[in-house]
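Read the structure below first, then the notes.
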Number of protein chains: 2
Amino acid sequence: MLTERQLFILQLLIDDYIRSAEPVGSRALSKREDVTFSSATIRNELADLEEMGFLEKTHSSSGRIPSEKGYRFYVDHLMMPPVISKEEIYNIKDLFAEKMYEVERVIQQSAKILSELTNYTAIILGPEIFDTRLKHLQIVPISKDTAVVILVANTGHVENRTITLPDGMKLSDIEKMINILNERLKDIPLVELKSKIFKEIANVLKQHIENYHQMDQILESIFNTNQSEKVFYGGKTNILTQPEFKDINKVRSILNTFEQEDIIYRLLRSEKDGIDVKIGQENNLEAIKNCSVITASYSIGGKHMGSIAVLGPTRMQYHRAISLLDYLSKDLSNALTKRYQTLNDW
Amino acid sequence: MLTERQLFILQLLIDDYIRSAEPVGSRALSKREDVTFSSATIRNELADLEEMGFLEKTHSSSGRIPSEKGYRFYVDHLMMPPVISKEEIYNIKDLFAEKMYEVERVIQQSAKILSELTNYTAIILGPEIFDTRLKHLQIVPISKDTAVVILVANTGHVENRTITLPDGMKLSDIEKMINILNERLKDIPLVELKSKIFKEIANVLKQHIENYHQMDQILESIFNTNQSEKVFYGGKTNILTQPEFKDINKVRSILNTFEQEDIIYRLLRSEKDGIDVKIGQENNLEAIKNCSVITASYSIGGKHMGSIAVLGPTRMQYHRAISLLDYLSKDLSNALTKRYQTLNDW
DNA sequence: ATTTAGCACTCATTCACAGAGAGTGCTAAC
DNA sequence: GTTAGCACTCTCTGTGAATGAGTGCTAAAT
């Protein structure tokens with residue numbers, strides 16, 4: 001068990017290191033006003049803390065830096081109460097005061113402001129399609145054998161696919177099908193569309209449509225693209241300002257990871273409600289083993305909708321990032337919920 | 001005027017520097033088999049070439065590197081005939097053999113392959129909306145006071161906007177208006193929509209719609225967003241592999257520039273047909289003053305549609321990049337033209 | 001039993017300096 | 001006009017010394 005004094009020293013050291021990015025020595029700590037004991041005493045404590053795995057040295061006679069275990073302990077038990085300035089709160093409030101109807105724009109702006117306030121990279125996963133329901137299906141022919149199929153969801157989200165008609169299929173067949181689907185699929189969650197079609201509606205279609213087997217493929221191409229959520233970024237290159245990322249190769253592999261949306265998606269897809277902090281290797285991703293990721297979820301009417309995260313170096317201003325994220329995710333949820341209610345009490 | 005031998009030496013030197021990224025000295029050049037004269041002779045020639053502004057030194061006793069003027073001369077007069085391997089041609093052919101109906105996907109894939117083949121960054125401006133014509137306008141209400149307006153173009157391109165009805169306006173009013181617009185705007189180029197509406201159709205609308213002044217705002221919000229073309233990237237971080245970009249700050253400002261689509265848009269929007277090479281400061285953009293940009297345009301049925309570019313260090317493999325770009329842009333034009341024809345002979 | 005002062009020791013960092021190597025410019029000979 | 005030769009310049013590398021921050025340990029002080 002850690003003594004009061006050890007807790008105190010550990011906290012001071014980590015705060016100092018987060019601020020300075022330099023290994024912290026006993027003398028530097030002992031000089032602080034609120035430290036009453038000598039540097040020798042601190043040295044002894046530091047040695048103990050290192051033995052317990054909370055601290056590390058960069059070389060045998062250097063000052064200490066926090067280990068991942070140290071950061072973990074800090075985040076779980078030691079962090080200072082967060083301070084967010086009024087100005088920052090106004091920044092965020094302003095953002096949501098604006099009338100923005102496209103969900104995507106709200107989210108993009110949130111990412112931007114979050115990255116500006118933290119100076120780290122902000123990542124937001126677009127709303128999951130749970131409880132996003134089909135409002136309308138529309139087909140627009142654009143040539144003799146191609147057409148655009150448009151799906152409109154109750155959230156205002158629009159998707160479209162271009163399809164090609166197989167030889168011999170008439171446009172009117174497709175239109176007929178779309179009509180049938182429109183009747184039967186209205187208000188069905190997008191995630192359930194596919195199974196609903198192939199389980200329940202296939203039979204109806206077979207009765208009405210001549211070449212159902214050809215339709216089959218088209219239905220696939222319309223409803224199959226089980227796209228993962230869209231990923232929004234803010235401050236993609238902020239990591240470059242951190243002194244620990246002078247190494248071009250590290251930076252490159254991080255930036256490349258950002259482009260691989262499936263990886264980011266797995267990284268942020270969190271089951272947990274509330275704030276989740278993953279430190280360094282806890283992320284299980286080589287490219288960001290020196291980074292920490294703080295994830296929160298946002299929701300609509302209490303229903304989990306997506307994730308919002310901050311990615312920075314393990315030497316992160318955790319308390320600041322966490323409080324900003326907490327604040328922003330709640331405001332985002334409120335803004336989206338409000339918007340969503342006007343969609344549903346109709 | 002340059003002598004034959006000066007031309008030859010200049011070419012050798014630039015080729016060598018492009019390969020090695022190291023200043024090239026007289027001795028290194030004289031060692032080559034095809035060089036019959038001595039290093040002293042070369043030194044004299046190099047001094048002359050430097051005086052004429054084609055070469056520079058990094059310090060008083062270093063070898064020479066090409067100046068921007070040198071690169072310019074190289075590109076205009078000295079480059080070796082390009083060599084593209086069969087394998088690379090197959091790579092590109094494969095790309096366009098695939099059936100891809102969304103224009104955006106074709107373009108995205110082109111950017112990817114171009115960046116992989118050159119190891120630089122590929123940038124493509126999406127098709128300009130010239131000659132993209134409105135096919136269909138559709139309104140889908142999603143709550144009592146919001147609706148999604150969808151524009152479908154003849155190319156399969158789809159755009160959508162979410163609008164909010166002002167108090168007191170009925171949905172049916174909007175639907176009425178959309179119907180009128182649909183009749184009158186069909187096959188009008190997207191770029192002309194706005195002026196057409198406010199000049200010609202406004203009067204018609206005034207007759208049929210009660211609160212036209214309210215409509216006005218809505219029309220604005222639907223047709224105003226004069227969005228610039230979408231920008232597609234491939235190999236965004238490839239610049240990080242170049243030895244001259246070890247400096248994090250340079251990299252950061254380049255990568256940040258990529259995020260500012262309006263700047264990139266201005267950079268690539270080229271009037272010229274054919275291949276255009278801009279070297280270093282010729283780009284008039286501080287962030288990429290050490291980069292060259294090679295731009296080609298692609299077209300549909302001979303009509304200029306967008307730009308496709310490669311961005312790399314000024315020390316670029318110009319002949320390779322140019323030939324790949326030339327090849328790819330032509331194939332891209334063909335692929336899009338083919339696709340476009342099926343849209344129009346309907 | 002803690003705490004602290006003192007001290008030897010360890011590394012990283014900085015600096016100066018020397019030597020090597022690559023390259024130039026110039027001169028004089030070819 | 002070309003080339004060999006040479007003095008000179010500049011970078012780069014390595015070395016060794018000095019500096020300084022910091023540790024660990026021991027013994028004295030509290």
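Each chain gets a letter, A, B and so on, in the order its sequence line appears, and its residues count up from 1. If you're wondering where the values come from, they're calculated on a predicted model, not measured in any experiment. Reckoned from all heavy atoms, side chains included, excluding hydrogens, waters and symmetry mates.
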Subject >> Qualifying ring-ring contact (aromatic ring centres under 6.0 Å, His included) pairs, either residue in residues 1-36 of chain B, two or more places apart >> reply: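 Qualifying pairs, neighbours excluded: none.
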**OP:** Please list all pairs passing the ring-ring contact (aromatic ring centres under 6.0 Å, His included) test where one or both residues lie in residues 59-80 of chain B, with sequence neighbours left out.
**Re:**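 Sorted result for residues 59-80 of chain B: F54(B)-F73(B), Y71(B)-Y318(B), F73(B)-H77(B).
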Original post:
Among residues 32-58 of chain B, which residues get a heavy atom nearer than 4.0 Å to DNA chain D?
Top reply: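 Contacting residues: F37(B), S38(B), A40(B), T41(B), R43(B), N44(B).
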Pairs in or reaching into [range]: which pass salt bridge (Lys or Arg N to Asp or Glu O under 4.0 Å), with residues at least two apart or in two chains?
{"range": "residues 59-70 of chain B", "value": "E50(B)-R64(B)"}
{"range": "residues 28-39 of chain A", "value": "R32(A)-D34(A)"}
{"range": "residues 19-28 of chain B", "value": "D16(B)-R19(B)"}

Original post:
Taking atom P of dG23(C) as reference, at what distance in whole Å does atom CZ of R64(B) sit?
Top reply: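 It works out to 11 Å between those atoms.
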Subject >> Residue met sooner reading DNA chain D from 5', once R27(A) and R5(B) are mapped to nucleotides >> reply: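 Its nearest nucleotide being more 5', the pick is R5(B).
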**OP:** Would you please name every residue forming a side chain to side chain donor-acceptor pair (under 3.5 Å) with R315(A), sequence neighbours left out?
**Re:**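 Once residues adjacent in sequence are excluded, the partners of R315(A) under the side chain to side chain donor-acceptor pair (under 3.5 Å) criterion are Q242(A), E244(A).
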Could you tell me whether the side chain of [X] and the main chain of [Y] form a donor-acceptor pair under 3.5 Å?
{"X": "R252(B)", "Y": "T237(A)", "answer": "yes"}
{"X": "T121(B)", "Y": "G235(B)", "answer": "yes"}
{"X": "S85(A)", "Y": "E88(A)", "answer": "yes"}

**OP:** Check salt bridge (Lys or Arg N to Asp or Glu O under 4.0 Å) between R5(A) and all other residues, then give those that pass, not counting sequence neighbours.
**Re:**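 For R5(A) the salt bridge (Lys or Arg N to Asp or Glu O under 4.0 Å) partners, ignoring immediate neighbours, are E45(A).
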Original post:
Are any non-hydrogen side-chain atoms of V293(B) and I123(B) less than 4.5 angstrom apart?
Top reply: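 Heavy-atom side-chain distance check fails, nothing below 4.5 Å.
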All N/O contacts under 3.5 Å from nucleotides 13-21 of chain C to the protein, with atom names and distances to one decimal?
none

**OP:** With a 4.0 Å heavy-atom cut-off, tell me which residues in residues 8-24 of chain A come close to DNA chain C, sorted by residue number.
**Re:**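 Result for residues 8-24 of chain A: none.
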Subject >> Heavy-atom pair of closest approach, residues S329(A) and I308(A) >> reply: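 That closest heavy-atom pairing would be CB-CG2, 3.8 Å.
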Original post:
Between which nucleotides of DNA chain D, 5' to 3', does chain B make heavy-atom contacts below 4.0 Å?
Top reply: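 Terminal contacting nucleotides, 5' to 3': dT2(D) to dT11(D).
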Show me the donor-acceptor pairs, under 3.5 Å and distance only, between side chains in residues 274-283 of chain A and residues at least two apart or in other chains.
unit_1  : atom_1 : unit_2  : atom_2 : d
D276(A) : OD1    : K272(A) : NZ     : 3.3
E282(A) : OE1    : R72(A)  : NH2    : 2.6
E282(A) : OE1    : I279(A) : N      : 2.9
E282(A) : OE2    : R72(A)  : NE     : 3.2
N283(A) : ND2    : G280(A) : O      : 3.1
N283(A) : ND2    : C291(A) : O      : 3.3

